[in-house]
Amino acid sequence: MMQGETRTRLIVFTAPSGAGKTTIVRHLIKEFSALSFSVSATNRPAREHEVDGRDYHFLSTEAFLEKVHNKEFLEWEEVYEGQYYGTLKSEVADILDTGKHVIFDIDVRGATAIKSFYGDQCMVVFIRPPSFTTLVKRLKARATDTDASLERRIARMKEEMTYEDKFDRILINDLLAVALQEAELMVEEFLGIKSVTEEE
Ligand code: 5GP
């Protein structure tokens with residue numbers, strides 16, 4: 001490797017909400033020991049089974065906004081009304097320091113920001129759900145929203161789907177097993193490495 005050349009890379013998985021990116025990202029972390037997950041910060045409450053520092057850094061709204069004020073975020077967004085999510089500069093720097101590659105699960109606007117900072121060092125994969133109808137069905141099946149909030153999420157999804165042309169790769173999440181395999185291939189190709197299971 002040339003002096004000063006960095007071989008650490010960044011991989012962003014992004015999608016309209018409900019397209020299944022968390023499942024895909026979790027799978028890739030298990031398969032590739034060279035990948036480390038960028039734990040975002042958020043002011044939304046932790047869901048059952050979520051662990052602070054593993055799934056998110058859960059912050060109060062005040063603490064989140066103070067970090068915004070102190071410019072501690074690489075990017076941040078109000079993804080849903082009153083719900084903030086952001087990538088801490090320190091999170092990415094700490095991972096890159098360990099020599100690992102960073103993998104992100106963030107919304108389309110955050111993905112655009114990370115890509116513009118890191119350029120070719122970064123691959124953004126847009127996960128396309130099989131159809132808009134499927135996406136709405138998945139969202140309704142979660143049944144955590146009021147009608148008004150569901151309307152807002154649907155409007156947002158429509159807009160998010162227009163982003164796909166801006167990214168490096170498109171992954172269609174129709175059959176999950178196929179999508180997982182394709183995601184592995186994309187990572188192998190970008191990093192020039194094999195997954196843990198193939199190495200064994
Ligand atoms: P959830 O609340 O379901 O975990 O996440 C809601 C949305 O916020 C998802 O689309 C997720 O990818 C996105 N998100 C999570 N972390 C970040 C982040 O650090 N920055 C941005 N821009 N979006 C994020």
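Start at 1 and go down the list; that is how both ligands and their atoms are numbered.
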Just jot down the ligand 1 atoms closer than 4.0 angstrom to any heavy atom of Glu75, in number order. 18 (C), 19 (O), 20 (N), 21 (C), 22 (N)

Ile106 and Val12, any side-chain heavy atoms less than 4.5 Å apart: yes

Before accepting this row, confirm whether a basic side-chain N of the pair Asp168/Lys115 lies closer than 4.0 Å to the acidic partner's carboxylate O. yes

Does Lys67 make a cation-pi contact with Phe64 (under 6.0 Å, within 45 degrees of the axis)? no

Glu164 with Arg169: basic N within carboxylate O range, under 4.0 Å: no

If the cut-off is 4.0 Å to any non-hydrogen atom of Glu77, which atoms of ligand 1 fall inside it? 22 (N)

Could you tell me, atom by atom, which parts of ligand 1 come under 4.0 Å of a heavy atom of Gly110? 22 (N)

Beyond-backbone contact of Pro129 with Asn173, side-chain heavy atoms, under 4.5 angstrom: no

Which of the numbered atoms in ligand 1 are below 4.0 angstrom from a heavy atom of Ser40? 16 (N), 17 (C), 18 (C), 19 (O)

For atom 22 (N) of ligand 1, which protein heavy atom lies nearest, and how many Å away is it? Asp107 OD1, 2.7 Å

Going by heavy atoms, is Arg44 under 4.0 Å from ligand 1? yes

With a 4.0 Å cut-off, would you call Asp55 and Arg26 a salt bridge? yes

Do Arg9 and Phe190 form a cation-pi contact, if we require the NZ or CZ to be under 6.0 Å from the six-membered ring centre and within 45 degrees of the ring's axis? yes

May I ask you to test the Val108-Phe167 pair for a side-chain heavy-atom distance under 4.5 Å? yes

Could Glu72 and Lys89 be called an ion pair, given the rule that one side-chain N must be under 4.0 Å from one carboxylate O? no

Has ligand 1 got any nitrogen or oxygen that is less than 3.5 angstrom from a nitrogen or oxygen of Ala15? no

Near Tyr56 (heavy-atom distance under 4.0 Å), the atoms of ligand 1 are 1 (P), 4 (O), 5 (O), 15 (C), 16 (N)

For atom 11 (C) of ligand 1, what is the closest protein heavy atom, and at what distance to 0.1 Å? Asp105 OD1, 3.8 Å

Could you tell me the residue and atom name of the protein heavy atom closest to atom 2 (O) of ligand 1, and the distance to it rounded to 0.1 Å? Tyr85 OH, 2.5 Å

Taking a cutoff of less than 4.0 Å between a non-hydrogen atom of the residue and any ligand atom, is Arg47 in contact with ligand 1? yes

Among protein heavy atoms, which lies nearest atom 7 (C) of ligand 1, and at what distance? Val79 CG1, 3.8 Å

So which heavy atom in the protein is nearest atom 9 (C) of ligand 1, and how far is it from that ligand atom? Lys21 NZ, 3.6 Å

